[in-house]
Amino acid sequence: MEAGFWNKEIETLSENELRALQLRRLQEVVRRVYEKVPHYRKKFDEAGVKPDDIKTLEDVRKLPFTTKEDLFVDYPYGLLAVPKEEVVRVHTSSGTTGKPKAIFFTKNDLELGAELIARCLVMTGTTKGDVLQNSMTYGLFTGAFVMHYGAEKVGVLIVPAGPGNTERQIELMKTFGTTCIHMTPSYALYVGSVIRDKGMIPERDLKLKRAYLGAEPYSEETRKKVEELLGVDVYNCYGLSEMGGPGVGFECKYKDGLHIWEDAYLVEIVNPETGEPVEEGEIGELVLTSLTREAMPLIRYRTRDLTYVIPERCSCGRTHRRINRILGRSDDMFIVKGVNIFPQQIEAVLMGIKGVAQNYQIVLQSYDEFIVRVEIDREFFDGRIERILKLKEEITEKIREAVLVRPKVELLEPGTLPVSEGKAKRVIDKRTL
Ligand code: ADP
Ligand code: ZN
């Protein structure tokens with residue numbers, strides 16, 4: 001292993017080699033699902049496309065998309081491409097958006113997931129000798145397990161803490177000299193605030209160096225806030241159960257976009273309405289094909305996550321292309337007064353305002369009105385009403401500038417809103433309750 005790389009050969013394959021490898025794997029996986037998965041065969045036949053029609057990478061566009069709905073056909077085993085006896089693990093999605101999807105793994109799939117995470121960790125500087133506190137949920141959710149096996153492969157000491165019990169999290173950090181943490185950004189904000197409330201100075205009292213934050217969208221402002229609160233480098237970590245969990249996209253030391261491991265995933269960005277490819281660098285929906293998964297490969301899977309491809313080569317030397325941080329999931333978008341708004345736009349504004357604490361909630365009151373409930377620093381509750389009114393006006397105005405609709409803002413004391421240990425539920429939609 002060369003310093004800074006887990007698998008330098010694959011991570012720095014030349015552009016031509018990488019595309020040739022992708023094409024070989026694409027042809028193989030398309031043939032495999034056509035032969036083994038009746039649902040795919042039916043879909044391909046209906047679209048009038050045969051495995052032999054895939055002669056170039058662009059030919060992938062001849063294939064029909066796979067959507068979340070396809071995962072519920074003959075649920076749960078309908079999309080298996082191997083005999084059930086070969087399957088050794090099931091995970092489900094967290095079910096943020098409905099019935100949980102069931103995703104299966106063979107032994108090789110588990111090994112592949114670990115290999116990809118190993119590349120991710122090493123690329124950010126984590127090596128044998130590091131101590132990783134894994135505060136994602138161990139269980140049906142992929143987040144904790146996939147990270148766990150990848151870290152183990154690198155030789156990292158893992159503290160399988162799971163989420164929650166913040167006092168205990170901090171104790172574990174102290175006791176074992178935790179250097180890296182893995183959790184959601186919303187929980188990291190909370191843990192950071194508890195550490196600061198205790199009067200601890202992380203740089204002095206803890207050994208933290210890096211935080212791997214993912215499972216939900218967050219802004220650059222949130223990254224900065226967590227970095228300040230915890231004295232760490234924050235690396236964005238993207239994945240989805242359907243593609244095997246975390247480690248699909250991951251930031252390197254440059255923290256400028258997430259590398260997608262293109263030997264394992266074929267990336268397309270399409271216009272979410274038309275399904276047509278967008279120009280390189282243009283925003284659209286991320287569509288992924290798993291090139292190496294055995295149990296349940298997915299072809300042209302519509303992630304509903306919005307992003308764009310960063311065309312430039314990264315300074316780290318890796319040839320695998322990067323995507324921008326996820327701008328939002330199309331499921332999360334809401335409309336007020338006819339304007340499309342993503343929760344993340346509001347988060348970015350809030351986390352950039354001095355005086356705003358770490359927790360907030362968006363309440364959709366009607367189609368014309370939304371409320372932003374936001375916790376602010378305790379020092380504002382000292383009876384000086386002008387200061388608080390000024391902050392309220394600043395928040396209202398900055399959100400209006402960002403999303404073009406004026407919100408109703410409610411300021412709250414820290415600790416008022418529910419703390420999320422896993423994925424945060426930021427939007428309460430009263431219009432559909
Ligand atoms: P779900 O939340 O759909 O039930 P998962 O638990 O598999 O299922 O979560 C995957 C989704 O979480 C992704 O499609 C994406 O919307 C979101 N996600 C995961 N990691 C990130 C990240 N680093 N940034 C933004 N969004 C993320
Ligand atoms: Zn890089």
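Quick note: numbers below take in every heavy atom, side chains included, and nothing from hydrogens, waters or symmetry partners. Whatever order the structure lists ligands and atoms in, that order sets their numbers, starting from 1.
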Judged by atom type as modelled, is there a donor-acceptor pair below 3.5 Å linking the side chain of E262 to the main-chain atoms of L18?
no
Next on the checklist: Using only atom types and a distance under 3.5 Å, with no angle test, would you say the side chain of Q345 pairs donor to acceptor with the backbone of I399?
Outcome noted: no
Side-chain donor-acceptor pair present, [X], [Y], cut-off under 3.5 Å:
{"X": "T66", "Y": "Y40", "result": "yes"}
{"X": "Y238", "Y": "D305", "result": "yes"}
{"X": "R19", "Y": "Q22", "result": "yes"}

Exercise. Is D130 salt-bridged to R210, cutoff N-O under 4.0 Å?
Worked result: yes
Run the side-chain donor-acceptor check on residues 335-342: report pairs under 3.5 Å with partners two or more places apart or on a different chain.
none

Using a strict cut-off of 4.0 Å, indicate which atoms of ligand 1 neighbour a heavy atom of [X].
{"X": "F141", "value": "6 (O)"}
{"X": "S241", "value": "5 (P), 6 (O), 7 (O)"}
{"X": "N236", "value": "22 (C), 23 (N)"}
{"X": "G239", "value": "10 (C), 13 (C), 19 (C), 20 (N)"}
{"X": "L240", "value": "7 (O), 10 (C), 14 (O)"}
{"X": "G214", "value": "23 (N)"}

Nitrogen or oxygen of [X] less than 3.5 angstrom from that of ligand 1:
{"X": "L258", "answer": "no"}
{"X": "R329", "answer": "yes"}
{"X": "T303", "answer": "no"}

Side chain, backbone, both or neither: which part of [X] comes within less than 4.0 Å of ligand 1 when only heavy atoms are counted?
{"X": "K101", "value": "side chain"}
{"X": "A215", "value": "backbone"}
{"X": "P100", "value": "neither"}
{"X": "E216", "value": "backbone"}

dist Y235:OH -> T124:OG1 (nearest 0.5 Å) comes out at 5.5 Å
Q.
Is the positively charged end of R119 above the ring of F250, judged by distance under 6.0 angstrom from the centroid and angle within 45° of the axis?
A. no
Taking the Zn ion (ligand 2) as the apex, SG on C314 and SG on C316 give an angle, to 10°, of 110°
**Request:** Could you walk me through whether D70 and K43 pass the salt bridge (Lys or Arg N to Asp or Glu O under 4.0 Å) test, one step at a time?
**Result:** CA-CA 10 Å; D70 288 304; K43 284 187 70 157; 2.8 Å; yes
- request: Determine, using heavy atoms of R325 and all atoms of ligand 1, whether some pair is separated by less than 4.0 Å.
  value: no
